[in-house]
Amino acid sequence: MTRRIPVAAPIFRGNETAYVMDCLQSTWVSSNGSYIDRFEAGFAQFSAARHAISCVNGTAALHLALLALGVCPGDEVLVPTLTFVATANAVRYCNAEPVFVDSRTDTWNIDHDRLEDAITPRTRGIIAVHLYGHPADMDAIQAVARRHGLFVIEDAAEAHGATYKGRRVGSIGDAATFSFYGNKVLTAGEGGMVTTSDDALAERVRRLKGQGLDPARRYWFPIIGYNYRMTNVAAAIGLAQLEQADWHLGRRAEVAAWYAEMLKGLGVATWQCEQPWASHIRWMFTVLINADERSRDGVMAQLLDEGIETRPAFVPLHQLPPYQSAERGGPFPVAEDIGSRGISLPTWAGLTREDVSWICDRLVHALQG
Ligand SMILES: *Cc1c(COP(=O)(O)O)cnc(C)c1O
């Protein structure tokens, strides 16, 4: 019998079950309840931001942050082309245009040296994604933003607990957004969070996520808002995960260290290395193999036959049908290279050294076969 190793899986080893049972027994299952407050307070502290505002998912968190920062129809927002599609979709939800920027070979994150070329009078801000858990170079990005009067949102959906020059991601940009989808570093089933230390911005996010309700007057809606609220049940899971954050991050660091140790010197793959100024929390250990896209896909299929589930790197967004017509930006050689040669290997907190050893062994075999 072959073992099956998923590419990602959540681990519930703390108070998840007890807290969810408590929600049911207390009947607080909707979007009010003590777990919402405790999860938000705990996450604000974890991210070193003054405010953390929960919401339904990471995509909604991006939408809320963009709206609260005043993005209007026709505005442009600079976005790395190598990211999950939600980063650009949220810009489109505001009837604004994502303008794509290539990635850097060192961090795989948005190339700050290419931002200025993409700026026009309509540019309002930059979304810096901390791809696969490695922080973007925020000082360089914020220097460009300051010169041009732009906001910076950190899309930290993949980077809970990562640090940039000793600072937690989520506390650096004007706002940051997180996801608690089932395959993320910490999960709430589905869930999202906006963090910011700007009081007025936090207040706008809170109103927008709750139908625009004026907190001082019942049934008074001065603006059009959304129902983007998180449930107390999701917050209960999220809080229990957050209590175990050190364990989750520690296990992922260990798994990544095994991969690096076992693949080092074999010459079959390179990977996204941790820069000296960053901590990479390894949402995904993603390797670049020496192959074209078709043989990359063949290697993944062969691994799947052996019970090892992997994922291709993200398809750069400028290649997707809704975004192919984007006129500006580019060329995108770095993102296209990573997108066509990248494989995310199984990365989650329950993997053993034997699992990682077997995955590496099978990867090398597939590459040589
Ligand atoms: C997962 C993810 C999102 C979206 O989060 P959801 O909770 O799935 O809506 C946004 N951006 C990035 C970079 C992601 O990886």
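Remember, it's a predicted structure, so these values are computed and weren't measured experimentally.
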Is it true that the side chains of Gln319 and Gln324 contain a donor and an acceptor less than 3.5 Å apart? no
Any donor-acceptor pair under 3.5 Å linking the side chain of Asp102 with the backbone of Asp111? no
Identify the two heavy atoms, one from Pro222 and one from Arg207, that lie closest to each other, and give their separation to 0.1 Å. CG-NH1, 4.4 Å
Can you check whether Ala157's main-chain N or O pairs, donor with acceptor, with Trp283's side chain at less than 3.5 Å? no
By ring-ring contact (aromatic ring centres under 6.0 Å, His included) - contacts of Phe39 (at least two apart): Phe180
Before accepting this row, confirm whether a basic side-chain N of the pair Asp337/Arg341 lies closer than 4.0 Å to the acidic partner's carboxylate O. yes
Show me the pairs that pass salt bridge (charged side-chain N to carboxylate O under 4.0 Å, His left out) and involve residues 30-43, at least two apart or across chains. Glu40-Arg206, Glu40-Lys209
Would you tell me whether Thr196 and His51 have side-chain atoms, one donor and one acceptor, within less than 3.5 Å of each other? no
Can you sort out the partners of Phe285 under ring-ring contact (aromatic ring centres under 6.0 Å, His included), two or more places apart, ordered by chain and number? Tyr259, Trp271
Salt bridge check: are Arg92 and Glu97 linked by an N-O gap of less than 4.0 Å? yes
Regarding Thr187 and Gln241, do their side chains bring together a donor and an acceptor under 3.5 Å, going by distance alone? no
Which is it for His318 and Thr81 under the side-chain hydrogen bond (donor to acceptor under 3.5 Å, both in side chains) test, yes or no, and what are the steps along the way? CA-CA 6 Å; His318 68 272; Thr81 189; 2.7 Å; yes
For Tyr226, which residues count as a ring-ring contact (aromatic ring centres under 6.0 Å, His included) partner, sequence neighbours excluded? His63, Tyr228
So, does Ser30 use its side chain to make a donor-acceptor pair with the main chain of Asn32 at under 3.5 Å? no
Relative to Phe46, does Arg168 satisfy both conditions: NZ or CZ under 6.0 angstrom from the six-membered ring centre, and within 45 degrees of the ring's axis? yes
So, Asp174 side chain and Ile153 main chain: donor-acceptor pair closer than 3.5 Å or not? no
CE/Met193 to CG/Asn57 distance, rounded to the nearest 0.5 angstrom? 12.5 Å
Using a 4.5 Å side-chain heavy-atom cut-off and chaining through intermediate ILVMFWY residues, the residues clustered with Phe221 come out as Leu213, Tyr219
Just grab all the salt bridge (charged side-chain N to carboxylate O under 4.0 Å, His left out) pairs involving residues 251-271, residues at least two apart or on different chains. Arg251-Glu254, Glu261-Arg353
Which heavy atom of Thr195 sits nearest to which heavy atom of Ala49, and what is that distance? CB-CB, 3.8 Å
Quick check: does any side chain N or O of Glu16 sit under 3.5 Å from a backbone N or O of Gly14, one acting as donor and the other as acceptor? yes
Which pairs pass ring-ring contact (aromatic ring centres under 6.0 Å, His included) with one or both residues in residues 237-256, sequence neighbours excluded? none
Asp355 side chain vs Thr352 backbone, donor-acceptor pair below 3.5 Å: yes
Ser31: which residues meet the side-chain contact (heavy atoms from CB on, under 4.5 Å) condition with it, sequence neighbours left out? Arg229
Donor-acceptor pair, side chain of Tyr323 and main chain of Asn89, under 3.5 angstrom: yes
Examine distances only and state if a side-chain atom of Ser26 and a backbone atom of Cys23 form a donor-acceptor pair shorter than 3.5 Å. yes
How are the rings of Phe332 and Phe100 set relative to one another: parallel (under 30°), tilted (30 to 60°) or perpendicular (over 60°)? perpendicular
Any Ile126 side-chain heavy atom under 4.5 Å of Leu115 side chain: yes
Is a side-chain N or O of Glu309 found less than 3.5 angstrom from the main chain of Leu345, in a donor-acceptor match? no
Residues in side-chain contact (heavy atoms from CB on, under 4.5 Å) with Pro121, at least two apart? none
Tyr35: which residues meet the ring-ring contact (aromatic ring centres under 6.0 Å, His included) condition with it, sequence neighbours left out? Tyr19
Residue pairs involving residues 150-159 (criterion side chain to side chain donor-acceptor pair (under 3.5 Å); sequence neighbours excluded): Thr87-Asp155, His130-Glu154
Could you pull out the closest heavy-atom pair between Arg124 and Leu69, with the gap in Å? NH2-O, 3.5 Å
Using 4.0 Å as the upper bound for N to carboxylate O, is an ion pair formed by Asp106 and Arg104? yes
With sequence neighbours excluded, give me every salt bridge (charged side-chain N to carboxylate O under 4.0 Å, His left out) pair touching residues 46-73. Arg50-Asp199
Donor + acceptor pair across side chains of His134, Gln275 (<3.5 Å): no
Could you check whether atom CD of Gln45 has more than 12 heavy atoms from other residues, nucleotides or ligands sitting under 6.0 Å from it? no
